[in-house]
Visitor: 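The structure's right below; bear with me while I get my questions together.
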Amino acid sequence: MAWAVLVVAGLFEIGWAVGLKYTEGFQRLWPSLATVVAMVVSILLLGLALRTLPLGTAYAIWTGIGTAGTAVLGIILFGESAEPLRLACICLIVAGIVGLKLSSP
């Protein structure tokens with residue numbers, strides 16, 4: 001169950017990272033509120049997952065999900081670069097996440 005909570009925490013991290021773009025420096029009310037809520041939920045869920053998962057593994061997976069997901073959504077939503085080297089690096093992050101999961105209890 002802790003792994004599922006950690007994945008959801010990572011998805012909320014993606015939400016707040018992408019949400020930051022829409023806040024326009026916290027000048028827009030509703031995107032700002034949604035971003036702050038996503039931040040709080042993400043941290044709370046990470047804290048719950050840390051009750052049973054190792055800190056280093058859980059934190060690395062949480063940030064990896066956030067990093068890879070945010071990079072992919074940056075490409076999709078904001079037209080950021082999708083050059084092969086960048087995509088390969090995103091794949092390396094995902095491979096690291098899978099490796100950490102497979103090597104953890």
Side-chain angles (χ1 to χ4, degrees):
M1 185 65 169
W3 288 106
V5 170
L6 182 61
V7 169
V8 173
L11 295 175
F12 273 96
E13 185 185 5
I14 295 167
W16 72 255
V18 172
L20 284 173
K21 183 77 168 174
Y22 290 105
T23 69
E24 295 179 12
F26 290 99
Q27 298 299 307
R28 297 179 61 212
L29 177 63
W30 296 114
S32 297
L33 288 175
T35 298
V36 170
V37 167
M39 288 176 176
V40 171
V41 171
S42 181
I43 292 293
L44 289 174
L45 291 175
L46 174 61
L48 287 174
L50 286 174
R51 288 181 176 176
T52 56
L53 298 177
L55 171 64
T57 301
Y59 185 76
I61 290 175
W62 179 69
T63 58
I65 291 169
T67 301
T70 301
V72 168
L73 285 180
I75 292 167
I76 295 168
L77 297 174
F78 306 116
E80 295 176 1
S81 171
E83 66 182 62
L85 180 58
R86 186 164 190 219
L87 296 176
C89 290
I90 293 169
C91 288
L92 288 172
I93 293 168
V94 173
I97 292 168
V98 170
L100 285 169
K101 168 58 175 111
L102 293 175
S103 66
S104 295

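Atom set for the values below is all heavy atoms of this structure, side chains included, hydrogens, waters and symmetry mates excluded. In this text the structure is predicted, and so the values were computed from the model without any measurement.
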Visitor: Could you measure the distance from the OG atom of S32 to the CD atom of Q27? Nearest 0.5 Å is fine.
Guide: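 The CD atom of Q27 is 7.5 Å from OG of S32, to the nearest 0.5 Å.
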Visitor: Could you report the tightest heavy-atom contact between A2 and A49, atom names first, then the distance?
Guide: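 Scanning both residues, the minimum pair turns out to be O-CB, 3.7 Å.
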Visitor: Where do I14 and G66 come nearest, in terms of heavy atoms and distance?
Guide: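 Looking at all heavy atoms of both residues, the shortest contact is CG1-CA, 3.8 Å.
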Visitor: Looking only at heavy atoms, which two atoms of A68 and V94 are closest? And how far apart?
Guide: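 Heavy-atom minimum between the residues: CB-CG2, 4.1 Å.
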Visitor: Can you check whether W16 reaches V41 side chain to side chain, under 4.5 Å on heavy atoms?
Guide: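 Answer no - side chains too far apart.
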Visitor: Please tell me if the side chains of L33 and L29 come closer than 4.5 Å, counting only heavy atoms from C-beta onward.
Guide: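 With C-beta onward as the side chain, the pair touches.
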Visitor: Apply side chain to side chain contact (heavy atoms under 4.5 Å, CB included) to the pair F12 and L46, showing each step before the final yes or no.
Guide: CA-CA 10 Å; F12 273 96; L46 174 61; over 6 Å; no
Visitor: So which atom in V8 and which in L45 form the shortest heavy-atom distance, rounded to 0.1 Å?
Guide: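 Where V8 meets L45 most closely, the heavy atoms are CG1-CD1, 3.6 Å.
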Visitor: For a quick test of reading the model, state the closest non-hydrogen atom pair linking Y22 to P31 and the distance between them.
Guide: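 Closest heavy-atom pair between Y22 and P31: O-CB, 3.6 Å.
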Visitor: Could you check whether any side-chain heavy atom of I61 comes within less than 4.5 Å of a side-chain heavy atom of W3, counting everything from C-beta outward?
Guide: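 When only atoms from C-beta onward are counted, W3 and I61 do touch, with a gap below 4.5 Å.
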Visitor: Going by the side chain to side chain contact (heavy atoms under 4.5 Å, CB included) test, name the single residue among L50, L48, L53, L11 that passes it with L6.
Guide: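 Exactly one candidate clears the test, L53.
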Visitor: Can you hop from L20 to V37 via hydrophobic side chains spaced under 4.5 Å?
Guide: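 Not linked; separate clusters.
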Visitor: Side-chain heavy atoms nearer than 4.5 Å, only ILVMFWY residues, links allowed to pass through others: does that put L100 and L92 together?
Guide: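 They do not share one cluster, since no chain of ILVMFWY contacts under 4.5 Å joins L100 to L92.
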Visitor: Taking all atoms of both residues into account, what is the closest heavy-atom pair of A82 and I75, and its distance?
Guide: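 Residues A82 and I75, closest heavy atoms: CB-CG2, 3.8 Å.
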Visitor: Quick one: which of T63, T57, I65, V7 gives a side chain to side chain contact (heavy atoms under 4.5 Å, CB included) with I97?
Guide: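 For I97, the side chain to side chain contact (heavy atoms under 4.5 Å, CB included) test succeeds with only one of T63, T57, I65, V7, which is I65.
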Visitor: What is the distance from atom OG1 of T70 to atom CD of E80, rounded to the nearest 0.5 Å?
Guide: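 The CD atom of E80 is 9.5 Å from OG1 of T70, to the nearest 0.5 Å.
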Visitor: Does the side chain of V36 reach to within under 4.5 Å of the side chain of F26, using non-hydrogen atoms?
Guide: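 A side-chain contact under 4.5 Å exists here.
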Visitor: Could you measure the distance from the CH2 atom of W62 to the CD1 atom of I43? Nearest 0.5 Å is fine.
Guide: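 Going from the CH2 atom of W62 to the CD1 atom of I43 covers 4.0 Å.
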Visitor: Between the side chain of T23 and the main-chain N/O of R28, is any donor-acceptor distance below 3.5 Å?
Guide: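 Not at all, since once roles are kept as given, no pair shorter than 3.5 Å links the two residues.
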